[in-house]
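Shown next, in structure tokens, is the structure this report addresses.
Remember, it's a predicted structure, so these values are computed and weren't measured experimentally. Lettering of chains follows the sequences in order, A, B, ..., and the numbering in each one begins at 1.
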Amino acid sequence: MATILNWTYDENNRYHRWFRTTVIAITSLVCFVFAWWDVSLLLNSTAIPTPLETWNALVDLVVNGDSVTGGRTVWAYIGSSLKTFLLGFLLALVVAVPLGLVIGYSKTIREFANPVIEVMRPIAPIAWAPIFILAINYTVGPILVVFIGIFFPVLTNVVFGVQKIDPNLMDAARTMGASPVQVFYKVMVPSAVPYLMNGIKVGLGVGWMCIVAAELYAPQLGGIGYYLSTMATNGLWPNAFAAIVIIAILGIVTTGLAEYVHKIITRRMGMSNV
Amino acid sequence: MSEIEEGVRTGSAVESENFIPSSEIKEGEDQIHIRNLSKTYVTEDSETVVLEDFSLDIRKGELISIVGPSGCGKTTILRMLAGLVQPTSGKILIGDRECTAPGSDRGMVFQDFALFPWRSVRKNVEFGLEIAGMPKEQRRERADKYLKIVGLEKFADHRIHELSGGMKQRVALARALVTNPDVILMDEPFGALDAQTRNLMQAGLLKILDKTDQTIIFITHSVDEAVFLSDRIVILTKRPAKIKEVVEIDWPRPRDRASPEFTALRKRILEELEKENVLD
Ligand SMILES: Nc1ncnc2c1ncn2[C@@H]1O[C@H](COP(=O)(O)OP(=O)(O)O)[C@@H](O)[C@H]1O
Ligand SMILES: [Mg+2]
């Protein structure tokens with residue numbers, strides 16, 4: 001790259017690489033904000049506030065809380081969403097991991113489970129929201145929507161991971177006297193962990209999309225998605241956009257965190273090449 | 001690499017407090033009987049006859065090499081000895097017991113090492129002991145002893161991906177030796193290593209095995225390696241594998257690769273093998 005004031009970009013220097021990525025990312029975001037600004041000025045519609053109006057609404061929301069409907073802080077909204085999200089996530093892990101291991105392990109179980117999985121998987125998780133919320137209730141419903149969103153990526157990745165295991169490793173374990181059960185939890189389970197982490201990474205992204213949508217159907221929960229829909233229906237567009245910004249930031253933080261954990265675990269397990 | 005040398009010298013002997021070999025067969029007597037073994041792999045669109053009526057007796061304590069054209073069925077023979085693959089017909093007797101499943105009387109060293117990447121070097125070596133239910137402290141002590149024998153005691157806490165190819169193969173060897181099996185099966189164990197490391201590993205292996213009465217069945221595609229290591233060399237024909245010749249070598253070790261008889265024997269075996277490699 002170019003030489004700027006005696007400074008030459010060095011591909012082998014991690015700080016240089018990091019600096020380069022950061023500069024490009026910031027430039028990208030700045031361009032995005034300007035494009036948004038242009039669009040909102042061009043359309044001149046109240047439904048698309050300018051970034052500045054959005055920023056002001058965001059600051060107001062963070063500093064003063066929800067001054068429109070009264071009383072609640074932004075943290076209350078976020079906390080409520082995170083709680084639903086976390087419960088859905090944990091439920092998905094508890095169900096998908098053992099199921100994925102078993103489906104990956106046994107051909108018969110796989111053949112039995114596959115038709116059901118293939119029927120269920122293409123259904124958008126959000127489609128379940130009204131059904132779950134009406135059929136069960138508004139607390140459990142959104143949790144189940146998040147559950148569905150995270151469940152399938154985790155399940156398919158674990159199944160894939162178990163099938164990708166180096167057969168030599170299982171043979172090695174067998175020659176050292178390992179029983180089928182020992183082969184399962186001493187070889188197959190650890191081999192599948194990097195794939196599980198990958199499934200979690202994908203699942204968190206999908207789950208985060210689900211939570212907001214699910215909350216639109218469950219106003220009683222009072223999550224950030226509920227705030228978004230209230231503001232939008234009342235025509236308070238800057239506030240609605242402020243909510244969108246918060247949702248985006250939380251989404252980035254969640255997947256970034258997952259990516260970080262994925263990296264640490266695969267490196268610790270000496271399996272970063274997966 | 002003085003580590004091997006040092007490790008071999010310090011690792012007094014390969015003892016067996018916990019794993020007493022079960023057989024009463026004396027050194028030099030026939031221990032493994034491969035009887036009329038046949039194997040046909042059946043897949044959806046083909047049938048491959050790998051072995052047909054293959055018989056061989058293997059003596060206790062010997063190092064027997066199997067050489068043959070690539071794809072002739074060497075690995076298949078070894079995997080049947082390990083109990084990982086079932087023969088189509090015929091049987092394998094170890095002592096007077098029929099071999100049908102993997103067992104702690106046989107250890108195996110794989111060509112691509114087959115080490116567990118998520119375990120440390122020590123934990124890899126401990127695997128078989130863990131399966132045998134040995135208590136933690138004892139396991140650790142024993143694993144460390146074998147790591148010392150292969151000269152890797154300094155690397156006990158390392159991860160597998162931090163090791164070189166030669167070091168990985170030494171971990172695999174320690175892992176196979178640690179449970180003190182009667183028989184060690186090695187499938188082209190040094191095939192993935194560079195020539196220099198390979199020679200060091202061969203010398204190291206001989207020193208380690210000098211102290212034990214284990215039977216080694218050693219597959220290699222290197223005739224040089226076979227002549228350097230073996231008490232006997234079994235030369236196989238192309239698939240379906242038959243025994244073309246069994247060569248006895250009673251020269252003392254370590255053998256001199258440059259000696260006339262070494263080069264002459266190597267040349268003769270190579271010529272035998274080349275006849276098998278002719279495409280027809
Ligand atoms: N699991 C299997 N299924 C089908 N064919 C196999 C299988 N394993 C090996 N073969 C075939 O059997 C033949 C002998 O294989 P192998 O024992 O690995 O030979 P070698 O070790 O002497 O190179 C090869 O032609 C190989 O393709
Ligand atoms: Mg082979």
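With chain A as partner, the option from B/S120, B/A172, B/A114, B/A101 having the largest number of non-hydrogen pairs under 4.5 angstrom is B/A114.
No part of B/I160 comes within reach of chain A, as not one of its non-hydrogen atoms sits under 4.5 angstrom from that chain. The part of B/R106 that comes within reach of chain A is its backbone (N, CA, C, O), which places non-hydrogen atoms under 4.5 angstrom from that chain. Using a 4.5 Å cut-off between heavy atoms, B/E162 makes no contact with chain A at all. Only the side chain of A/D166 comes within contact range of chain B, with heavy atoms under 4.5 Å apart. If you measure heavy-atom distances from A/V193 to chain B, you find no contacts under 4.5 Å at all. When heavy atoms are compared at a cutoff of 4.5 Å, B/L185 does not approach chain A at all.
A donor-acceptor contact shorter than 3.5 Å is absent between the side chain of B/T197 and the backbone of B/L193. Side-chain N or O atoms of A/S28 include none that pairs as donor or acceptor with a backbone N or O of A/I24 at under 3.5 Å.
In terms of the side chain to side chain contact (heavy atoms under 4.5 Å, CB included) criterion, residue partners of A/S179 (sequence neighbours excluded) are, by chain and number, A/V181, A/Q182. Listed by chain and residue number, nothing satisfies the salt bridge (Lys or Arg N to Asp or Glu O under 4.0 Å) test with B/K136 (two or more places apart in sequence, or in another chain).
Side-chain atoms of A/D10 and A/H16 form no donor-acceptor pair, as typed in the model, at a separation below 3.5 Å.
Of the residues listed (B/R59, B/K60, B/Q31), the one engaging B/T215 in a side-chain hydrogen bond (donor to acceptor under 3.5 Å, both in side chains) is B/Q31, and it is the only one.
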